[in-house]
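Shown next, in structure tokens, is the structure this report addresses.
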Amino acid sequence: MFRPFRLLLVVGARPNFMKMAPIIHELKRDPDTFAWRLVHTGQHYDAAMSEIFFEQLGMPKPDVDLGVGSGSHAQQTAAVMAAFEAQVLEWQPDIVVVVGDVNSTLACALVASKLHVAVAHVEAGLRSFDRSMPEEINRMLTDQVSDLLFTTEASAEDNLRREGVDASKIHFTGNVMIDTLLAHSAEARRRGVAGKLNLTPGQYGVLTLHRPSNVDDPDAFERLFDAIGRIAADLPIVFPVHPRTRPAIERSAGVAPLIAHGRLKLFDPLGYLDFLGLMADSAVVLTDSGGIQEETTVLGVPCLTMRETTERPVTITDGTNLLVGTDPGRILEGWARVKRGTGREAQVPPLWDGRAAQRIVQVVRSYAEAAAGSPAADPRGPVAAGT
Ligand code: UD1
């Protein structure tokens, strides 16, 4: 008798939600072929970091919330693994789908792989070549245990091939985060959030900061604000603050005067639509995020990335991204370049066209059909509790 192909979909932290949303929308279109369950690990748990994204992206409520919360890397990863293992054993999926590079991504990929369940990794192959970033470890190890690797840009396939991943597992399907952006950008702009904050479109900057290397070390944070303060003299800067960054702001000497002079406006984390609208109408985005480098590229907004490396090189070669590092002098040089105009038209990278999820689901469909045709698809045997 025909049995739908069972997918266990994993989200954990804020940047995962906009990547999974278009995949869910696509799976819903074919209920005869696919049965799926959505697991939220609870890595991000504040309403502003999680719930609002489900509402705004039209995502179903998670079927299961593992509620793991914060902790050291080992504690958080281990808590996700223990709780997720029970889910896999209970629901017996045919494949576990993970996105991005957060601790939840690696934890769930490892669990699935050890239970002999196939793993699909969406946004595979990105490499910063900086192993001090926790995300780099998560990316490399997740890719090593994945059976289907969906890539967003050409560099990713090169990286995976160099690491010995078989070419037949790699599928260049495009960028699901951009599927979500394109689906929501008109709605985001209609909200007119800049105007509501008394900002003039095209005459303000947006700042985000949350990388441990930038916010956990007070000296590094202060140096960034040397440069940010000078840019704020040219145009007001809006700063939605990630929870991890709050303590750094409280102990900083450089931030308070900027707020007092009205040059820096702090907010709690914004919802997806308001943040997208703010970015779309801004003159420049300053960030240390991964995904924002991609979103600004598609919006055509200049982005100054305050990191030494990027795992998303296509945003530099094709897009609007300038990798300015964390030295104040270089950040200000980047800002001077933005003010002059970079002198070239930015391009939207190949396959960042709003149809990545459609391609991913098509590959999964073919995989499901092949698996249905060969009952012993995994030579290691079926999942069993306690093995
Ligand atoms: C995580 C990801 C990072 C991603 C970022 C996006 C890892 C290793 N890092 O970093 O790749 O870019 O999410 O936001 O997986 N906190 C709250 N409320 C929340 C969540 C976190 O207050 O809902 C605070 C807690 O103090 C916590 C800290 O933020 O200790 C860090 O959270 P954590 O999930 O460990 O990492 P992020 O810095 O958010």
Side-chain angles (χ1 to χ4, degrees), residues 10-20 40-55 62 65-81 83-84 98-110 121-124 126-128 130-143 177 180 206-217 220-221 239-251 266-272 275-276 279 285 287-296 303 305-307 309-312 315:
V10 177
V11 291
R14 183 169 63 175
N16 292 163
F17 308 132
M18 46 288 233
K19 294 172 190 168
M20 194 58 86
H40 190 330
T41 65
Q43 175 172 346
H44 283 175
Y45 43 88
D46 286 356
M49 297 294 284
S50 177
E51 229 169 273
I52 187 167
F53 291 83
F54 281 78
E55 286 159 22
D65 189 337
L66 305 179
V68 301
S70 303
S72 70
H73 285 278
Q75 286 165 344
Q76 190 175 60
T77 309
V80 174
M81 286 183 73
F84 187 67
V98 295
V99 296
D101 56 14
V102 303
N103 286 345
S104 301
T105 308
L106 173 61
C108 295
L110 272 180
H121 184 204
V122 176
E123 201 183 88
L126 297 179
R127 296 291 180 271
S128 66
D130 173 2
R131 290 196 188 189
S132 69
M133 286 178 79
E135 294 82 2
E136 183 75 352
I137 308 296
N138 295 341
R139 293 180 198 118
M140 293 188 328
L141 298 181
T142 301
D143 287 339
M177 196 168 204
T180 296
V206 174
L207 169 67
T208 82
L209 278 175
H210 76 282
R211 291 263 154 241
S213 56
N214 281 338
V215 305
D216 292 355
D217 170 6
F221 192 76
F239 184 16
V241 179
H242 187 286
R244 170 174 214 116
T245 311
R246 270 185 222 130
I249 290 173
E250 278 155 23
R251 64 177 175 246
L266 266 54
F267 294 94
D268 285 333
L270 294 172
Y272 182 74
F275 188 69
L276 179 57
M279 279 198 297
V285 174
T287 192
D288 60 4
S289 152
I292 289 174
Q293 299 170 56
E294 299 181 339
E295 292 170 331
T296 46
C303 180
T305 298
M306 297 180 292
R307 290 171 39 188
T309 58
T310 180
E311 60 289 330
R312 294 162 158 93
T315 60

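In each ligand, atom 1 is the first atom listed, and ligand 1 is the first ligand listed.
- Considering every non-hydrogen atom in both Met279 and Val285, the closest pair reads CG-CG2, 4.1 Å.
- Look at Arg312 and Glu294 and you find a salt bridge, because one of the NZ, NE, NH1 or NH2 atoms lies within 4.0 Å of a carboxylate O, short of that distance.
- The protein non-hydrogen atom at the shortest distance from atom 17 (C) of ligand 1 is Tyr45 OH, 3.3 Å.
- For the atom pair CG of Leu141 and NE2 of His121, the computed distance is 11.0 Å after rounding to the nearest 0.5 Å.
- Atom 39 (O) of ligand 1 has its nearest heavy-atom neighbour, among Gln75, His44, His210, in His44.
- A salt bridge does not link Arg127 with Glu135: none of the charged nitrogens is closer than 4.0 Å to a carboxylate oxygen.
- If you run side chain to side chain contact (heavy atoms under 4.5 Å, CB included) between Met306 and each of Leu209, Thr208, Thr287, only Leu209 comes through.
- Of all protein heavy atoms, the one closest to atom 2 (C) of ligand 1 is Val102 CG1, 3.7 Å.
- Listed by number with element, the atoms of ligand 1 under 4.0 Å from a non-hydrogen atom of Gln76 are 34 (O), 35 (O).
- At least one N or O atom of His242, backbone or side chain, sits closer than 3.5 Å to an N or O atom of ligand 1.
- Comment: Arg244 engages Asp216 in a salt bridge, judged by a side-chain N to carboxylate O separation of less than 4.0 angstrom.
- Counting heavy atoms closer than 4.0 Å to ligand 1, residue Pro15 contributes side-chain atoms (C-beta onward) but none from N, CA, C or O.
- Given atom 34 (O) of ligand 1, the protein heavy atom at minimum distance is Gln43 NE2, 3.1 Å.
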Exercise. Kindly determine whether Arg139 and Glu123 satisfy side chain to side chain contact (heavy atoms under 4.5 Å, CB included), including the steps that lead there.
Key: CA-CA 9 Å; Arg139 293 180 198 118; Glu123 201 183 88; 5.9 Å; no

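- Nearest to atom 18 (N) of ligand 1 by heavy-atom distance, out of Val80, Val68, Asp46, is Asp46.
- A salt bridge does not link Arg307 to Asp288: none of the charged nitrogens lies less than 4.0 Å from a carboxylate oxygen.
- Considering only non-hydrogen atoms, atom 15 (O) of ligand 1 lies nearest to Asn103 out of Ile137, Asn103, Asn138, Thr245.
- Under the 30°/60° scheme for interplanar angles, the aromatic rings of His40 and Phe54 are found to lie parallel.
- Atom 36 (O) of ligand 1 has its closest protein heavy atom at Arg244 NH1, 3.8 Å.
- In this structure, the protein non-hydrogen atom closest to atom 25 (C) of ligand 1 is Ser70 OG, 3.3 Å.
- Protein heavy atom at the shortest distance from atom 22 (O) of ligand 1 is Pro243 CB, 3.2 Å.
- Nearest to atom 11 (O) of ligand 1 by heavy-atom distance, out of Arg14, Glu135, His73, Met49, is Glu135.
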